[in-house]
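Indexing begins at 1, ligand by ligand and atom by atom, following the structure's order. On a predicted model such as this, the values are computed, not experimentally measured, just so you know.
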Amino acid sequence: MDIPFSRWHLAIEKRRSRRHFDPNIPLPPEALAALDKVCNQFAPFPHAQSRLVTESAESVFKGIIGSYGKVKDAPAFIAFIGDMDDPFVQEEVGYIGEGIILEATALGLNTCWVGGFFRPEIVASLIELRNKERVLAVTSVGYAREFESWEEKLMTRFARSHNRVAISKLARGLPREKWPDWVNPCLEAARRAPSAANRQPWGFDVQADGITVFVRTAGPEFNVSKRLDCGIAMLHLEVAAADCGRRGQWEFLPSPQVAKFKTYSQSVLLALTLSGK
Ligand SMILES: Cc1cc2nc3c(=O)[nH]c(=O)nc-3n(C[C@H](O)[C@H](O)[C@H](O)COP(=O)(O)O)c2cc1C
């Protein structure tokens, strides 16, 4: 599937985690069909996939303390699955998961990535997993309640969800005055990415022929890989680059680097344009 860059770039601006859903608004069949389609079609890596589940969503989410902090009344969820034999499985799952979430946002739906606080055994009982496959994260999906509940507001404040680290603290490599025009919008989109507990573990090494994403922060992972967060930022970066007319491809790298977005040369870009891609 070709990424709908402009649609997803707009969705990056709109997306916010919502944890409490309106139990009176079910998902209409058209929305379910559109979600199912993007789950099946946005699968650029053979070892990472997503699956829409419309049963038992309430039993999948658990609270942070007791039922506190729990995702509530979601009519459906999407499981993000990776094959653990793949050394880059975490970033691939982050990348595809965020694509599905941006499409859900573009469809007018609300979501919340959940990495630690869900019950993998219940998810596994609802979907078929192959030998080395694991559910690395899920997202709730549905229509959020019109107003945030006090519990949701507190969770947002607790995670300082609206704060983002400044680009000047995230970027290294080429000095800013030498950045080509497309770099700033890409880093702006990447730094807006969601991450577990809003920890924003990514950094960006700007080079003449692309941008390398790396894990910038030290410290424990708390059950959710920082490389998964970095995969989410990778998708945001690529979406913004393409929306600025810059195309390229990812080369996965060993830790603490994650992957390099290598921009295509003018001749490759021309060939792509001529072939209508
Ligand atoms: C991989 C991942 C795991 C997350 N896990 C949880 C979770 O278990 N519970 C929760 O309430 N929020 C979870 N979040 C949501 C983050 O807290 C949220 O994305 C972050 O605070 C930024 O806020 P925003 O999404 O509104 O921009 C997770 C986000 C990501 C990306």
K.L.:
In this structure, does ligand 1 have an atom that sits under 4.0 Å from one of the heavy atoms of R15?
P.N.:
yes
K.L.:
Less than 6.0 angstrom separating the ring centers of W8 and F42, yes or no?
P.N.:
yes
K.L.:
Could you tell me which atoms of ligand 1, counted from 1 in the order shown, lie closer than 4.0 angstrom to a heavy atom of G116?
P.N.:
8 (O)
K.L.:
Using non-hydrogen atoms of the residue, decide whether R164 is closer than 4.0 angstrom to ligand 1.
P.N.:
yes
K.L.:
For the pair L187 and V183, evaluate side chain to side chain contact (heavy atoms under 4.5 Å, CB included) and give the outcome as yes or no after the intermediate values.
P.N.:
CA-CA 6 Å; L187 297 195; V183 170; 4.2 Å; yes
K.L.:
Between R192 and ligand 1, which part of the residue brings a heavy atom under 4.0 Å of the ligand: side chain, backbone, both or neither?
P.N.:
neither
K.L.:
Can you name the atoms of ligand 1, numbered from 1 with element, that are less than 4.0 Å from a heavy atom of L228?
P.N.:
1 (C)
K.L.:
Quick one: look up the protein heavy atom nearest atom 25 (O) of ligand 1 and list residue, atom name and how far away it is.
P.N.:
S17 OG, 2.5 Å
K.L.:
Can you list the atoms of ligand 1 that are under 4.0 Å from a heavy atom of A196?
P.N.:
2 (C), 3 (C), 4 (C), 28 (C), 29 (C), 30 (C), 31 (C)
K.L.:
At a 4.0 Å threshold, what atoms of ligand 1 neighbour a non-hydrogen atom of M155?
P.N.:
11 (O)
K.L.:
Under a 3.5 Å distance rule, please check whether R15 uses its side chain to pair with a backbone N or O of I101 as donor and acceptor.
P.N.:
no
K.L.:
What atoms of ligand 1 come within less than 4.0 Å of a heavy atom belonging to R19?
P.N.:
10 (C), 11 (O), 12 (N), 15 (C), 16 (C), 17 (O)
K.L.:
Between R199 (side chain) and E221 (backbone), is there a donor-acceptor pair under 3.5 Å?
P.N.:
yes
K.L.:
So which heavy atom in the protein is nearest atom 21 (O) of ligand 1, and how far is it from that ligand atom?
P.N.:
S161 OG, 2.8 Å
K.L.:
Is the closest basic N to carboxylate O distance between K260 and D205 below 4.0 Å?
P.N.:
no
K.L.:
Would F118 end up clustered with M84 when hydrophobic side chains under 4.5 Å apart are linked, directly or stepwise?
P.N.:
no
K.L.:
Between Q257 and F214, is there a donor-acceptor pair closer than 3.5 Å when you use the side chain of the first and the backbone of the second?
P.N.:
no
K.L.:
Would you mind telling me if ligand 1 is within reach of the side chain of S195, the backbone, both or neither, using heavy atoms under 4.0 Å?
P.N.:
backbone
K.L.:
If we set the cut-off at 4.0 Å for heavy atoms, which region of D229 has an atom near ligand 1: side chain, backbone, both, or neither?
P.N.:
side chain
K.L.:
Quick test: of every protein heavy atom, which one is nearest to atom 5 (N) of ligand 1, and how far off is it to 0.1 Å?
P.N.:
G115 N, 3.0 Å
K.L.:
Hey, are D83 and K132 close enough for a salt bridge, meaning a charged N less than 4.0 Å from a carboxylate O?
P.N.:
no
K.L.:
Atom 8 (O) of ligand 1: which protein heavy atom is closest, and how many Å away?
P.N.:
F117 CD1, 3.2 Å
K.L.:
Would you call E148 and R19 a salt bridge, taking side-chain N to carboxylate O under 4.0 Å as the test?
P.N.:
no
K.L.:
Do side-chain atoms of R18 reach the backbone of R145 as a donor and acceptor pair under 3.5 angstrom?
P.N.:
yes
K.L.:
Do the ring centers of F252 and F45 come within less than 6.0 Å of each other?
P.N.:
yes
K.L.:
Answer yes when E238 and R247 have at least one side-chain N-carboxylate O distance shorter than 4.0 Å, and no when they do not.
P.N.:
no
K.L.:
Counting heavy atoms only, which of F118, F61, W113 is nearest atom 14 (N) of ligand 1?
P.N.:
W113
K.L.:
Answer side chain, backbone, both or neither: which part of I232 comes under 4.0 Å from ligand 1, heavy atoms only.
P.N.:
side chain
K.L.:
Test of understanding: given a 4.0 Å heavy-atom threshold, classify the contact between V114 and ligand 1 as side chain, backbone, both, or neither.
P.N.:
both
K.L.:
Run the numbers for me: atoms of ligand 1, each under 4.0 Å from some heavy atom of V224, listed by number.
P.N.:
1 (C)
K.L.:
Show the atoms of ligand 1 that are less than 4.0 angstrom away from any heavy atom in P194.
P.N.:
19 (O), 25 (O), 31 (C)
